[in-house]
Each structure stands twice: as structure tokens, then as C-alpha cells.
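The sequence lines fix the lettering, A, B, ..., with proteins before strands; numbering per chain opens at 1. In this text the structure is predicted, and so the values were computed from the model without any measurement.
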2 protein chains.
Amino acid sequence: MRQPKNTDLILSNVARHIRLDDEEERIFISFLHPKTLKRKEVQLKQGDVCTHSAFIIDGALKGYTVDKEGGEHVINFAVSDWWIADMYSLISQKPGILTIEALADSEVLLLAKDDQQLLFEKVPKFERFFRILIENSLVANQQRLINNLTLSAEERYQHFMTKYPFIMECAPLHSIASYLGMTPEFLSKIRRRMAGRLP
Amino acid sequence: MRQPKNTDLILSNVARHIRLDDEEERIFISFLHPKTLKRKEVQLKQGDVCTHSAFIIDGALKGYTVDKEGGEHVINFAVSDWWIADMYSLISQKPGILTIEALADSEVLLLAKDDQQLLFEKVPKFERFFRILIENSLVANQQRLINNLTLSAEERYQHFMTKYPFIMECAPLHSIASYLGMTPEFLSKIRRRMAGRLP
DNA sequence: TTTCTTTCTTAACCTAGTTCAAGGATTCGG
DNA sequence: CCGAATCCTTGAACTAGGTTAAGAAAGAAA
């Protein structure tokens, strides 16, 4: 086996949108830096400039902001086969608003912003790939906004469970509550109601 | 004056991110279709497939969804020098979730999705331009999500006023309330409180 | 002008979701 | 295996924001 097993996943991720020949694959992989994260380890800290995108091979991460009262607000999750970064900071190269932290021991591949630029020059197809990634992010984000504006807390939870069952399995409920814009206590109440236990 | 005045605005909009020569400008403009909209006129209806992006020369539009109870939820505004479309539908070419409607008599330039594809082939620089537009959309959208999750109704309103004073001037308050995720009655209460009129 | 519609506000009442405080259940590090 | 976090749940008291209903002000249409 010439390539380490962990690059198979990212190559099939890329192959979903663009087709690469062997040489292009080699170039791409040469830009990636593997990193392992312990549970609770912070990959990016709020206030720092985001210099890398991370592709998750295994494990799970969350991105969150801490508000002025110290409350934590989960903005996104990322599990195996997903990308995560503080897009605002990555794009603008200004201090970011997200802390990205491992929910479980994880293995990721990092792609530096500068290397991404080089990659665009050597393999222009990647412009297209990352444009599609961003398009999908935008659509997902907008849909989430609409859900927050139009659905009740219970409906948001139900929708989340059917859309992201795999996240239900690896993220603690209080993080999911935060992501859904409610308190953990209220999520608990919803779950009791849904289980038929009154009141 | 060789070019109609109304293309100046869109060319300077494009020039903010990519540099075009005369021929490229000519090609770009040849793909644009001017359209005028009367106040309340619908440019795109919820459920239809979005086939064009619109660049606003003059006037103002809003994009909104109607939920199953018939409630209207404003998802975005667009004023002079902005682009608007149902990105979900435009990208996926599936029936959309937004209705896009003129808030005032408006003048827009339409770019068909197919023509955009042709434009990419003839002037590849535009790939970059539209990628940047989408990046900015994504960042703005994410920031809005964070605001909705972390700020009170009053804080959201104050933030909106300072960030979009020009929208304050052309959109009715009930649309702004909807955009901010509150009822018009509650926005009214906030405004009274802020004006110092008790209670 | 007059009428009709849209926009904005008020006030009284209501409720979805929060806060606070506490206890039990798991899980994790050592 | 033990102690300490972390996680989840409960319940009671509270509040930010919603609902309903009504009227005033200001345009637009005619």
C-alpha cells in the first residue's frame, strides 16, 4: 500500500466533485499535514487568526464562540469526512470568533491557507472544489437560519436528530442544545415530553 | 457615453475583486438583461427554480419564506450595488424556498445561470469573482446566525441599525422585525423603550 | 377630495423558553 | 479501583418575547 490509509478518505471526498490524475493526487497530498487531537484539545482559539482548514479523518470537533457573559454557543460540528475552519478568519485573515475543539480523540489533515493558494496555482481544478464546498456551506447555513426563524425548539431538535443522527451519537446533549439555540435544561424537558413521560 | 449609465455600477462592483480589460467588460455586459420591477412585484416565487442572479442598480428587494402557518420570514434584503438570488435553488436547480419581491420600484440586471457558466468559460476570472461573492455571503450569514444565538432582540436591532442604516430607510419596520426574528409589536416596544418613553 | 391599504403603535394577557438550585448517573484520569 | 469531573435531569420561579385586538397616521389610488 503506497499511500497511508488515512488519505483514502480525503481523496474520495475530493473525488465527489473533481477528478484528479495520479500526479495531481500526489501534489494535493503533499500539502496535507496530519495531526492528532486529544479530547478537549483546542485546534483553534477564539481571537487567533485561522491559518488552516481541517479535514476530519476520525473523531469529532465542535466550533463555538464564547459571549461576553462567558456563555458558550456552538456554531458547528464536524465529524469524519467533513471540513472545518473559522471561515470568517480564514478568508479575512483577521482574529477569529470561533474556538475549535475536539469532542473526542481525533485525527485530522490540515491544509494551510498559503498551501491552498499554491494548490490553486498548480491544480486549478481545486478552485472549483473549494467553491463547491463553500456553496454547500452557504446553503446549509442559510437553511439553519431559516429553521431557527421558523421552527419551535422541539421541531428544531427533531429535525436535527433525523438530519444528523451520527452527531447525536458523539456530541453531548448540552452542546447540541447550544447548537440548536436553547438551554440544556429545556432540551431535557423536550426529551421527556417526547418520551411520553409527563408533564 | 458609449455604455448606458446603469452598467457603470456593476462594473465598479466587479472591479472591486477582479480587473477586466475592455473586451472582457463587453462580454460580461452582453450577458446582462435589464429589468424594472414595480413595488410589490415578485421577481422569484417560492417553489420555482431560481434561474437568475439579480444585481440591483436602484431600489430595494427582500427575500422571504412563508411558513406552513402563513407567516412571512425575511431572509435577506438587497439594495443598490448588491446581488440577490435564492442561492439554494440557484445552486441545486431545485424548487426554491425564497420569494424575492421589490420593496420599492427597482431596476435590476439579471444574469442567467447558463450565461454565468458561459461567462466562466470565456472569462475564467469570473470564477474567482463569484467565489468571493459566495465567501462574503457565507461569512455574513454565519455572523448573522451568531448574532441570533448570542444577542437579545434589542441588541440585534441596535446592531442592525448601525450596520445597515440605508436599509432602515427603505424597508418597513415589520420586515426588519421579521429579518431580526421578532414580531413587529415587540420591535415597537423596543423602540419605545429606547426612545426613553416608559414603560 | 375621499377611500382603501399599508404601516406603526399601545396595552392587556399569555407562553415558550430561561434561570437557579439541586441531585443522580456516567465517564475519565490517575 | 477511587475520586473528580462532566453530563443529564427535575422542578419551581421567572421573563423575554408572542398574541390578540384595536386604533392612529400616512400613503397610494381613484
Side-chain angles (χ1 to χ4, degrees), chain A residues 37-42 59-60 62 64 67 69-74 77 101-106 147-158 160-161 167-199, chain B residues 37-41 59-60 62 64 67 69-74 77 101-105 147-158 160-161 167-199:
Chain A
L37 294 163
K38 283 290 192 197
R39 185 179 123 87
K40 303 234 157 198
E41 194 176 337
V42 167
K62 67 175 170 183
Y64 62 91
D67 64 30
E69 281 90 35
E72 178 178 318
H73 301 269
V74 175
F77 291 109
E101 182 186 312
L103 285 168
D105 295 353
S106 304
N147 287 344
N148 280 309
L149 292 173
T150 60
L151 302 181
S152 69
E154 175 161 350
E155 289 169 321
R156 258 138 54 211
Y157 176 59
Q158 299 211 358
F160 183 87
M161 282 196 298
I167 296 181
M168 289 297 300
E169 262 147 44
C170 63
L173 286 174
H174 67 265
S175 291
I176 293 172
S178 170
Y179 177 89
L180 294 173
M182 67 187 86
T183 58
E185 293 90 340
F186 192 66
L187 177 55
S188 208
K189 208 179 284 186
I190 286 173
R191 284 161 55 82
R192 178 181 23 159
R193 257 190 339 233
M194 282 173 53
R197 267 171 286 147
L198 306 173
Chain B
L37 293 164
K38 283 286 189 204
R39 186 179 122 86
K40 303 233 157 201
E41 193 175 340
K62 66 174 170 183
Y64 62 91
D67 65 30
E69 280 90 36
E72 178 179 319
H73 301 270
V74 175
F77 292 109
E101 183 186 311
L103 285 168
D105 295 354
N147 287 344
N148 280 314
L149 292 173
T150 61
L151 302 181
S152 69
E154 176 163 348
E155 289 168 322
R156 260 141 49 213
Y157 176 59
Q158 300 209 357
F160 184 88
M161 281 196 298
I167 295 181
M168 289 297 301
E169 262 146 44
C170 63
L173 286 175
H174 68 265
S175 290
I176 293 172
S178 169
Y179 177 90
L180 294 172
M182 65 187 86
T183 58
E185 293 88 343
F186 192 66
L187 177 54
S188 209
K189 207 181 285 188
I190 285 174
R191 285 161 55 83
R192 181 183 19 161
R193 260 193 333 236
M194 283 173 52
R197 268 171 284 147
L198 305 174

Starting at atom NZ of K40(B), determine the distance to atom C1' of dA28(D), rounded to an integer number of angstrom. 11 Å
Which whole-number value in Å describes the distance from L187(B) CG to dG17(D) C1'? 12 Å
Minimum-distance nucleotide to L173(A) side chain [options: dT9(D), dC8(C), dT6(C)]: dT9(D)
If each of R39(B) and A171(A) is mapped to the nucleotide of DNA chain D with the nearest heavy atom, which maps nearer the 5' terminus, i.e. the 5' end? A171(A)
I want to verify a distance call: between dC8(C), dG17(C), dT10(D), whose nearest atom is closest to the R192(A) side chain? dT10(D)
Compare all side-chain heavy atoms of S175(A) with those of F77(A) and state whether any distance is below 4.5 angstrom. yes
d(CZ, R193(B); P, dT9(C)) in whole Å: 14 Å
Give the nucleotide from the list dG18(D), dG17(D), dT9(C) with an atom nearest to the side chain of T183(B). dG18(D)
Is a donor-acceptor contact shorter than 3.5 angstrom present between the side chain of K189(A) and the base of dG11(D)? no
Atom CD of E185(B) and atom P of dT15(C): how far apart are they, to the nearest Å? 16 Å
Specify the separation, in whole Å, of atom NE2 of H174(A) and atom P of dT9(D). 12 Å
Out of R191(A), K189(A), R193(A), which one pairs with E154(A) under the salt bridge (Lys or Arg N to Asp or Glu O under 4.0 Å) rule? R193(A)
Nearest to the side chain of M182(B), heavy atoms from C-beta on, is which of dT9(C), dG17(C), dG18(D)? dG18(D)
About how many Å separate CD of E101(B) and CZ of R39(B), when rounded to the nearest 0.5 Å? 9.0 Å
Just how far, in rounded Å, is P of dT15(C) from CZ of F186(A)? 14 Å
Euclidean distance, E41(A) CD relative to L103(A) CG, rounded to 0.5 Å: 13.0 Å
Separation of dT18(C) atom C1' from L149(B) atom CG, nearest Å, is 15 Å
Rounded to whole Å, please give me the gap between CZ in R191(B) and P in dT7(C). 14 Å
side-chain hydrogen bond (donor to acceptor under 3.5 Å, both in side chains) with D105(B): which residues, sequence neighbours excluded? none
